A.B. asks: 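Please see the structure below; I have some questions.
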Amino acid sequence: MSGRTRTGDASFPLIELRDVERVYGKAETEVKALAGVNLVIEEGEFVAVMGASGSGKSTCMNILGCLDVPTGGEYRFRGVDVRTLSRDQLALLRRHYLGFVFQGFNLLARTSALENVELPLVYRGISARERRARAMGALDRVGLLGREKHTPAELSGGQQQRVAIARAIVSDPKLVLADEPTGNLDSVKSVEIMELLTRLNRGHGITIVMVTHEPEMAAFASRRVHFRDGRVERDERSATSDSGAFQTLSVEQPIGTA
Amino acid sequence: MILWATFLMALREIRRNAMRSVLTTLGVVIGVAAVIAMVTLGEGATARVTGEISGLGRNMLIVVPGSARRSAAISNAAPFDRDDVRAIATEVPGVRAAAPSASRPILAVYGNKNWSTIVTGSDNAFFDVRSWTFLAGRRFEEAELLSGAPVCVIGATVRKELFGATDPIGAAIRVRNVACEVVGHLDSKGRSTFGDDQDDFVVMPLVTFQRRIAGNDDVAAVFVSADDTVSTEEVQDRLEILMRQRRRIGPADEDDFLVRDMKEITRVLETATGVLTTLLGAIAAVSLLVGGIGIMNVMLVSVTERTREIGVRLAIGAREREVLLQFLVEAVVLSTLGGLLGIGLGLAGSYGAARALSLPFVFLPQIIVIAFVFSAIVGIAFGFFPARKAARLNPIDALRYE
Ligand SMILES: Nc1ncnc2c1ncn2[C@@H]1O[C@H](COP(=O)(O)OP(=O)(O)OP(=O)(O)O)[C@@H](O)[C@H]1O
Ligand SMILES: [Mg+2]
């Protein structure tokens with residue numbers, strides 16, 4: 001079993017959305033959640049996606065995460081048009097390159113935090129011992145050490161969210177997609193999570209795309225993309241952005257693929 | 001080793017969802033146990049009927065007065081006599097043996113014990129025609145048969161009730177007002193299909209019975225055993241011709257006697273047990289169906305949660321086949337477990353039931369295999385196909401499923 005899909009050339013941008021549309025429903029009940037999104041994200045960037053509720057942020061994230069397919073337009077991941085990939089190839093792409101933090105956590109019920117975090121590693125064929133060690137490490141990074149035996153029902157909303165983050169980062173993905181990762185956290189915890197994401201971004205060159213409503217959280221990002229009615233309304237980069245440096249650093253140094 | 005990890009994961013899921021697992025397994029257990037119990041009992045009943053028919057004596061015909069239209073009891077057809085029996089035994093080709101029979105219910109007494117049973121007057125042909133074997137003692141002697149000596153042979157039940165463990169040979173029992181010596185006792189045949197005890201009788205020479213008990217020379221029935229070389233139909237025809245002559249029945253008149261072929265009775269019994277087996281099979285099929293519906297319900301109830309679970313697995317990079325493997329392992333483990341429990345329960349249950357109903361316990365390996373395979377199919381179908389449907393969704397649709 002080949003562990004790799006065609007991932008394209010690293011000289012291409014990591015993410016390239018061209019006139020991406022996503023239409024839900026049919027005829028009268030039709031909802032155009034995305035109405036032509038154009039967006040290029042380079043490797044190593046830390047992007048905050050902002051916008052009003054219903055503006056299509058989650059829809060866009062699902063498409064970026066290859067959980068959903070656009071009804072129109074083109075999505076290239078490292079130059080590869082994802083429409084040309086089979087379901088299995090998309091699964092392998094998610095397995096090896098992506099980490100997803102869902103808006104609604106989506107943890108497995110009655111399953112301990114540790115086992116939830118281990119799950120992505122199971123499908124990478126990593127031994128039980130190494131899985132445990134890495135999952136504990138990820139739980140440590142989100143500050144949940146000591147809670148690894150608890151099931152989602154025994155954890156607070158914020159703790160569940162941190163388990164979800166640990167699960168997304170445990171496999172050292174190239175790209176972490178986080179849909180409101182601080183939506184259920186108080187400002188102290190939120191800042192901790194932001195610092196964690198910033199560390200992952202700067203220290204490991206992991207590209208991060210994060211949806212948030214809070215400008216304070218968006219300030220951690222090097223770039224802010226504003227959605228409105230299914231389109232990108234505004235795209236602003238921090239003056240202090242230094243992501244370019246990491247971009248070059250990370251190009252030929254895949255993380256978590258050793 | 002994703003395969004091994006998947007297997008372990010499936011086992012963990014089974015334990016994690018203990019209630020669901022138990023309910024699913026229960027469906028399989030009930031289905032398999034029911035099928036095995038029903039079919040085993042049906043086969044047991046058939047085996048007993050078959051055994052009994054051969055115990056009745058092969059190629060047996062019974063000649064009785066009366067007509068097919070009117071029953072013997074209300075018809076005024078004359079009984080047979082000893083000459084009729086002799087004629088049947090000697091004049092009809094293909095007759096191996098012919099035993100006269102006349103019976104009365106009586107009370108048999110020995111010492112301070114008594115037992116109500118049936119006494120039959122006959123001769124040694126009785127033991128041949130009905131295939132009785134002696135456990136001890138002897139048949140009647142020619143002189144005893146001719147003179148009407150007070151001797152008798154007893155069935156296993158009478159021996160048990162009157163003598164317990166002691167040896168009955170040579171003892172004198174009182175049958176009505178006849179004190180007769182027990183000269184032999186017979187091996188047991190057990191209960192018949194209809195539940196009556198076949199070993200509950202006393203036989204004495206016909207002459208003794210007619211003089212000392214019945215007070216007439218009547219013979220109520222003749223049991224005929226045909227040679228293996230001729231068909232019973234042929235012998236039946238010959239018997240009818242002979243009896244019509246002997247009873248002087250005109251060509252236009254109806255028979256006032258009946259020749260019954262045991263084969264017909266056998267056929268009737270076989271039809272009856274066939275119906276029984278079919279009925280039990282139908283009940284078993286219904287229980288399998290109920291078991292299957294039970295499994296389906298459990299699966300449908302859990303499908304929402306499981307679809308989300310599948311969505312999560314797909315989202316973090318599981319391929320369809322890896323998700324399916326896990327669900328397949330879960331379904332196989334549960335239905336195998338259920339199947340094994342069901343086999344155990346079914347065998348234990350049918351063994352107990354067979355003993356309670358005094359049926360033979362027939363061990364049928366093929367039905368165990370069939371029930372097991374069927375349950376596995378049911379379990380896998382209901383456990384696996386909903387999962388396959390979910391695994392083919394877009395991950396996001398599986399995640400959003402409600
Ligand atoms: N599965 C779906 N079927 C139909 N319409 C949908 C579906 N998912 C989203 N929509 C619609 O698409 C639009 C965009 O939804 P989306 O979830 O992307 O918004 P969002 O920006 O993430 O909002 P929020 O900030 O509240 O999470 C909304 O109008 C929503 O009603
Ligand atoms: Mg959203």
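Numbered from 1 within each chain, the chains take letters A, B, ... in sequence-line order. Keep in mind that what you see is a predicted model, and the values were worked out from it rather than measured.
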A.B. asks: Please state whether the side chain, the backbone, both or neither of A:D68 comes within less than 4.5 Å of a heavy atom of chain B.
C.D. replies: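 For A:D68, heavy atoms of backbone and side chain both lie under 4.5 Å from chain B.
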A.B. asks: Looking at A:R94 and B:G317, what are the two nearest heavy atoms and their distance?
C.D. replies: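 Scanning both residues, the minimum pair turns out to be CB-CA, 4.1 Å.
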A.B. asks: Would you sort out whether A:R167 and B:V312 count as a side chain to side chain contact (heavy atoms under 4.5 Å, CB included), showing the intermediate values?
C.D. replies: CA-CA 11 Å; A:R167 186 178 64 188; B:V312 170; 3.5 Å; yes
A.B. asks: Out of curiosity, A:L67 CG to B:L399 CG, how far, rounded to the nearest 0.5 Å?
C.D. replies: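 Reported to 0.5 Å precision, the distance equals 6.5 Å.
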A.B. asks: Return yes if some donor-acceptor pair links the side-chain N/O of A:R87 with the main-chain N/O of B:E320 below 3.5 Å, else return no.
C.D. replies: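 Side chain of A:R87 to backbone of B:E320, a donor-acceptor pair under 3.5 Å: no, none is there.
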A.B. asks: Below 4.5 Å, heavy atoms only, C-beta onward: do A:T111 and B:R16 meet side chain to side chain?
C.D. replies: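 A:T111 reaches B:R16 side chain to side chain.
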A.B. asks: Of all the heavy-atom pairs spanning A:A91 and B:R319, show the shortest one and how long it is.
C.D. replies: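 Residues A:A91 and B:R319, closest heavy atoms: CB-CG, 3.6 Å.
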A.B. asks: Nearest 0.5 Å please: distance from the CZ atom of B:R308 over to the CG atom of A:N106.
C.D. replies: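 That separation rounds to 8.0 Å.
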A.B. asks: Roughly how far, to the nearest 0.5 Å, is SG of A:C66 from CG of B:N394?
C.D. replies: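 Nearest 0.5 Å value for the CG-SG distance: 10.5 Å.
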A.B. asks: Measure B:R400 against the heavy atoms of chain A and call it side chain, backbone, both or neither at under 4.5 Å.
C.D. replies: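 For B:R400, the side chain is the part near chain A, not the backbone.
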A.B. asks: Between B:L393 and chain A, with a heavy-atom cut-off of 4.5 Å, which part of the residue counts as in contact: side chain, backbone, both or neither?
C.D. replies: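 Only the backbone of B:L393 comes within 4.5 Å of chain A.
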A.B. asks: For the residue pair B:R313 and A:Y123, establish whether any side-chain heavy-atom pair is separated by less than 4.5 Å.
C.D. replies: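 In short, these two side chains touch, coming nearer than 4.5 Å.
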A.B. asks: How long is the straight-line distance from CG of A:L108 back to CD1 of B:I316, given to the nearest 0.5 Å?
C.D. replies: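 The distance works out to 7.5 Å.
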A.B. asks: How about B:R355: does its CZ atom have over 12 heavy atoms from other parts shown lying under 6.0 Å from it?
C.D. replies: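 Open.
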A.B. asks: How many angstroms lie between atom CG of A:L119 and atom CD of B:E309, to the nearest 0.5 angstrom?
C.D. replies: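 Going from CG on A:L119 over to CD on B:E309, the span is 8.5 Å.
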A.B. asks: Heavy atoms, side chains only, cut-off 4.5 Å: are B:M9 and A:E115 in contact?
C.D. replies: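 The answer is no, as the side chains (C-beta and beyond) never meet within the 4.5 Å cut-off.
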A.B. asks: Are B:E13 and A:R110 within salt-bridge range, i.e. N to O under 4.0 Å?
C.D. replies: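 Salt bridge: no.
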A.B. asks: Decide if atom OH of B:Y351 counts as having more than 12 heavy atoms of other residues, nucleotides or ligands within a radius under 6.0 Å.
C.D. replies: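 No, the 6.0 Å shell around OH holds no more than 12 heavy atoms from other groups.
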